[in-house]
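Input: a single structure, listed below in C-alpha cells.
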Amino acid sequence: MEESNIPKVYDPQSFEKKWYKYWEEKNLFHAEVEADKKPYSIVIPPPNVTGQLHMGHALDNTLQDILIRWRRMQGYNTLWMPGCDHAGIATQAKVEEALRKEGKSRHDLGRDKFLERVWDWKNQFGSHITMQLRSLGSSCDWERERFTMDEGCSKAVREVFVSLYNKGLIYQGTRITNWCPRCSTALSDIEVDHETEAGHFYHLRYQVEDTAEYVQIATTRPETMFGDTGVAVHPEDDRYKHLIGKTLILPLVGRKIPVFADEYVDPDFGTGAVKVTPAHDPNDFDMGQRHGLEQIVVLNNDATMASNTGKYAGMDRYECRKQLIADLKEQGFLIKIEDHEHAVGHCSRCHTTVEPLVSKQWFVKMESLAKPAIEAVKSGDIQFVPERFTKIYTNWLENIRDWCISRQLWWGHRIPAWYCDDCGQTSVVGEDLTTCPKCGSTHLHQDEDVLDTWFSSGLWPFETMGWPDKTPELKQFYPTSVLVTGYDIIFFWVARMVMMGLEFGKDIPFKHVFIHGLVRDSQGRKMSKSLGNGIDPVEVIDKYGADTLRFMLITGNTPGNDMRFYWERVESARNFANKLWNASRFMLMNLEGFDKSFVPEKSDYTLADQWILSRYAKTVQEVTNNLEKFELGEAGRTIYEFIWNEFCDWYIELSKARLYDTEAVRARQTAQYVLGYVLEHTLRLLHPFMPFITEEIWQHIPHEGESVMVSPWPADEMSKIDDAAETNMTAIMETIKSIRNMRAEVKAVPSKKSAVVLHFASETLQTVFASNQGYLTVLASAQPITLESLAEGKPENAMTAVVNGVEIYLPLKGLIDVEKETARLNKELDLLDNEIKRVTGKLSNVGFIGKAPAELVEKEREKQKGFEEKRSAVQERLVYLATL
RNA sequence: GGGGUUAUAGCUCAGUUGGUUAGAGUGCUUCGUUGACAUCGAAGAGGUCACAGAUUCGAAUUCUGUUAAUCCCA
C-alpha cells in the first residue's frame, strides 16, 4: 500500500534524479516508428557542444518538454530529437584558448593534430550540456542523439553542397565580405552586429591635377585612403559637375585617381564627394564594379596595414589612423575633424570590429531558395506563434543577399571542392577525390575552408532523421510538428531550415514556429558573461528544483516577449510546489481505510464534491485549450489557481469534516474518492509543467500504470460540469467570506464563534444552506446559525452584509458601534450606487438594448436586480441605525 | 532612415475574437499555529489601464497621432 509518511517539506533533491533515471530505464522517452500512430515530433535547437546550459536553454527546453510530454500523454507517437551543434567558431576558439595557455597556436600543431584536439575536447566536455538538459527534466529520445559533425550529418552536408553546386546555386566568387580579424575568417552578413559609435569625420584635401583647386573629402576611415581608386560625386551636383572626368592626386601617396559620377552619392551627406575604396567597403565595391575601378587591398587579415602602404606597413589599423592623421595635418592635407556618429560592424561572436574585405569565398545564391520559403509562411503552411514574427521573417527573406558560407577555420565541414594542381580544374563531388576527372592527375588538394556552422544546422530537421536515405523516421516524423526557439535566431536558423527543408526535405520542416523571448536579469539587462549578471539555471535547479525553475520560467510572461529573472518568482514557484506537496500529504494522511474498488453513487456526492468536480472539468478544458494555442503560461497559471485557490483553499477544508468522522464510512470513502480522483487527475494536468514532483506524488497515491508521464491526458470530463452546484457553492463561499470580513471588522476573538442569522430570497437557496451549514461553522466560525426567509423580522443589534440571494446578520452581544457600522455601510452604499448608476445607464441606453446581444442585456438586468436588492437591504439597515 | 515590441497596483507581469465590480505574484498593513502546509491561513489598503483624438450603444482591448523605453534591419 502507499506510503503515508512523506516529508513535511517539498525537497526536490530527494527525488528528481531518481525519477529521471526511472523514466530512462523504462525507456519512456524513446519513440519507435509506428506507422499507425499519429506522430508528434520536435527537433531540439542543438546547443553548442562545448557550451553550458544558460537560462535561454532552460526556457527553450522547458517549453519543448511541456509540449512533448503533453502530446505523449495524449497518445501521439512522440519524438523529441536531441543533439548538439559543433559550433565552428565558438568551439575552435575554446580549444585555441586552451592551446594558448600551453603557449601554442593551432598552426604549431597543424590541421590534423589540431582537429584531434578538438575531438578530444568534444568527447571530454560534449556531454556536459546534455547532462544539464537531463537535470531539467527534458524527455528527449537520447538513443537518437545526433551531432552536426557526425557521419550522417557530414554525408547530408556534402550531398546538399554538391547538389546546390550542380544546380548553380553555390558559386565561388571574389567579393567583398565581412572579415573578423580576431577570428580570422569571413562572416556572413547576419553574423555582424551594427552598433552606433562615436567617431570622426576627417575632412581631407585631394588636389585636382595640374590646378590649385582641390576637392574636400570627408571620411570616417582615412587609413583606407591607400586603397582609393576614385572619387565619386552625384551627377547633378553643381559643385562638382566640372570635375567629372578630371584626375585627383592622392595625398601623401601621389597616385592619380579619377573623379566620376554615380547616383549612389548623396550630395547632402558629408561634402558630397566620396573617396572610393572598392577593396574595403561594400558600397565602394559596387561602385567600383560599375565603373571598372581597380581593387587595391591595403589591409592584412589581422587588420594591420599591408606592405603596399609604405611606412605604415605592419601598423595596426587604428595606430595607422592616428599616425596618418598626424602626417596629413603636418603636410596640410587635413582640413578639419568633426565628431560623427556612425554604425560600425562587430563580429557577433567576439565583438571585434569587422573589416569589409575583398576575398575569394563560396556563396549560396539565395533568391530562388528564398521564394518558396516566403510562400510557405505567407500561405500559412508554416505558422509563427506569435503571428507578428511572420513579418520579420518575410521582410528579411525578401531583402536577402547571397550567403557567404566559407569560413577560414579548421573545425567544421570541409568544403568538398578539390583543385587540380596540374590543370587547375575545380571539382565538387560527394566522395573524397584522388584523381582529377579532367586530366587524370593525382596532384589534387582540397579547399582549405570549412562551411558556416549554420549550413549544417539548416539541415537539422531532416539530416537527424537519416536523410538523404529514405528512412521510416523521415516518413513518420518529417515534417516536424513545431520548432521552439528564440526570436534572435529567426534569420540564422529558422529561415535557413525552411529553405533547405523545402529544397531537400521536399516539404516544410515544421508546421509551427513557436517563438519565445530572452530571459533578462532583474533590471532588464541581457544576461552576459562580461556583465557577470547571468544566473546559472543549474544553480537554481540545485537550490530549488527543476520543477520550480520550469514553472517560474513559463508563467508570468507571454509568448515572444522577454522576461526578467527574479529570485522572488523562483520562491513563489517553489512555494507552489510545496503547497501541492502538502495537499498530497494531507490526502495520504487521511487514506486509512481507503478502498480502491469503491465508487460513489450519485447520491453520495455532497455539494462540495459536485463543485470541485465541476471546477476540475472546466480546468481540464481550459488547460487543454491553452496548450493548443501555445499559451503555456496561461495553462500553467490555470492549474496553479485551481490547485491553490479551489482545491487547497476550499475543497480540502470542506472535506475535513467527513474525513475526520470515521463512523460515517460511506461519506468518508466518498470524500477520499473525490480527493483522490481530483488530485490524481490534476497531477496529470500538471505533469508536463512539473514532471518530477507530479511523478513523486503520483507514485505515492493510488494510481494505475507505471508512470504519470504515460498516463492518459484527462479528457471527456464534460459530464462533471454542474453549473447549479457551482452557483450554490459560490453563494456559500461568498457568505463565508462576508462573515469572516465582518468578524475581522469587529476584531472578533478568533477562537470564539459568532451567532449568524441568514435571510434568503428563495427557498431553494435556504435548503442548500440548511444542508451545508456545517461549512459556515468550520470556515467562518459561525454558530449558532439561524436560517429564515426574507420575510422574517431583521435582527436589530447586528452587523449586516448582503450577497446574491442572502442577507447576513451578525448579531452582537454588546451594542454595535453605530458610527463605525454606519460608515462601513455607507461605503458599501456608495459602491452599490456607482454600480447601479453604471448598469442603469447601460440599460436605459436604447443603443445598448437594441444592438447588444440579448444574452448580455439579460445579464446586465440580473446584475441590476442584484445590486438593487443589496442596496435596499443596506439602505434599510442605515435607516434603522439612524434611529438608534 | 525603415520596421517591431512595450507602456495596466510600489515592483514584475496577466488580461487571446470589444461587454469583468480591471486580476495574479511579490511587497505593504492587521490578525491568526495542538491535527497538509508559517515555503501557511484570514482580512485589508493600493490602479484617471502613458497621453490626445477617432470608431462604437459600449474601448485597458480596435484605428490614428504624440511621448517614452527597448530591439531588429539598413
Side-chain angles (χ1 to χ4, degrees), chain A residues 6 8-11 189-190 192-194 282-283 343 345 386-389 391-392 395-396 399 487-488 490-491 517-518 520 522-526 544 548 552 555-569 571-590 625-626 629-631 633-634 636-638 640-641 644-645 648-649 652-653 656 659-660 736-745 747-751 779-781 831-832 834-836 838-839 841-853 855-857 859-860 863 866-867:
Chain A
I6 64 172
K8 195 174 170 180
V9 172
Y10 162 66
D11 175 23
D189 294 334
I190 51 174
V192 176
D193 298 329
H194 294 273
N283 296 315
E387 202 259 331
R388 71 180 128 95
F389 290 103
K391 207 173 164 186
I392 293 175
N395 276 356
W396 184 72
N399 298 300
Y487 59 69
D488 49 336
I490 290 175
F491 306 145
L518 269 39
R520 298 172 173 277
S522 62
Q523 295 169 54
R525 299 173 306 180
K526 226 168 166 169
Y544 290 91
T548 295
M552 175 266 168
T555 49
N557 62 24
T558 26
N561 289 336
D562 292 351
M563 66 181 303
R564 299 189 192 197
F565 182 95
Y566 273 93
W567 284 105
E568 289 92 324
R569 294 195 44 232
E571 279 177 23
S572 159
R574 189 270 319 268
N575 293 352
F576 171 57
N578 187 61
K579 188 72 183 175
L580 173 66
W581 183 261
N582 276 287
S584 311
R585 232 182 113 235
F586 167 79
M587 182 189 155
L588 289 168
M589 292 166 86
N590 289 285
N625 286 341
N626 278 319
K629 289 186 291 182
F630 294 98
E631 294 280 357
E634 277 293 285
R637 193 183 55 80
T638 302
Y640 176 101
E641 284 176 357
W644 202 314
N645 304 338
C648 292
D649 284 352
I652 284 185
E653 296 306 324
K656 278 181 178 170
L659 289 172
Y660 294 158
I736 289 170
K737 283 186 200 169
S738 271
I739 297 170
R740 284 172 175 171
N741 178 324
M742 286 189 283
R743 279 173 52 87
E745 294 261 354
K747 297 196 165 37
V749 179
S751 57
L779 300 182
S781 301
L831 226 95
L832 288 167
N834 272 333
E835 291 308 321
I836 288 167
R838 194 183 52 79
V839 177
K842 228 174 188 178
L843 286 170
S844 57
N845 183 331
V846 272
F848 177 72
I849 301 290
K851 292 183 182 174
E855 204 184 272
L856 195 79
V857 177
K859 228 169 116 187
E860 289 298 317
K863 269 191 214 167
F867 286 137

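- Mapping Glu571(A) and Cys648(A) onto RNA chain B by nearest heavy atom places Cys648(A) closer to the 5' end of the strand.
- Lys859(A) has no carboxylate O lying under 4.0 Å from a charged side-chain N of Glu855(A), or vice versa, which leaves the two without a salt bridge.
- Proximity of Lys629(A) to the phosphate of U16(B): no side-chain N or O atom is located under 4.0 Å from OP1 or OP2.
- Shown here, A69(B) forms a base pair with U5(B); the pair counts as Watson-Crick or G-U wobble because both key distances fall under 3.5 Å.
- Atom CZ in Arg740(A) sits roughly 21 Å away from atom P in U30(B) (whole-Å rounding).
- Asn845(A) has no side-chain polar atom (N or O) that falls below the 4.0 Å cut-off from OP1 or OP2 of G58(B).
- The gap from the C1' atom of G15(B) to that of C49(B) amounts to 11 Å, rounded to the nearest Å.
- To the nearest angstrom, C1' of C37(B) lies 14 Å from CG of Asn590(A).
- Between the CZ atom of Arg525(A) and the P atom of C71(B) there is a distance of 13 Å, rounded to whole Å.
- For A43(B), neither phosphate oxygen OP1 nor OP2 lies less than 4.0 angstrom from any side-chain nitrogen or oxygen of Lys737(A).
- G25(B): Watson-Crick or G-U partner is C11(B), with both key distances under 3.5 Å.
- Regarding Met587(A), its CE atom lies at a distance of 17 Å from the C1' atom of C37(B), rounded to whole Å.
- Between the side chain of Lys579(A) and the base of C37(B), a donor-acceptor pair under 3.5 Å is found.
- The partner of U62(B) is A54(B), judged by Watson-Crick or G-U wobble contacts that both fall below 3.5 Å.
- The shortest distance between the side-chain N/O atoms of Lys656(A) and the OP1/OP2 oxygens of A36(B) is below 4.0 Å.
- When each of Glu860(A) and Arg569(A) is assigned the nucleotide of RNA chain B with its nearest heavy atom, Arg569(A) is the one assigned upstream, toward the 5' end.
- Glu653(A) contributes a side-chain N or O that forms a donor-acceptor pair with the base of A36(B) under 3.5 Å.
- With hydrogens and angles ignored, a donor-acceptor pair closer than 3.5 Å exists between the side chain of Arg574(A) and the base of U39(B).
- Atom CD of Glu634(A) and atom P of C13(B) are 16 Å apart (whole Å).
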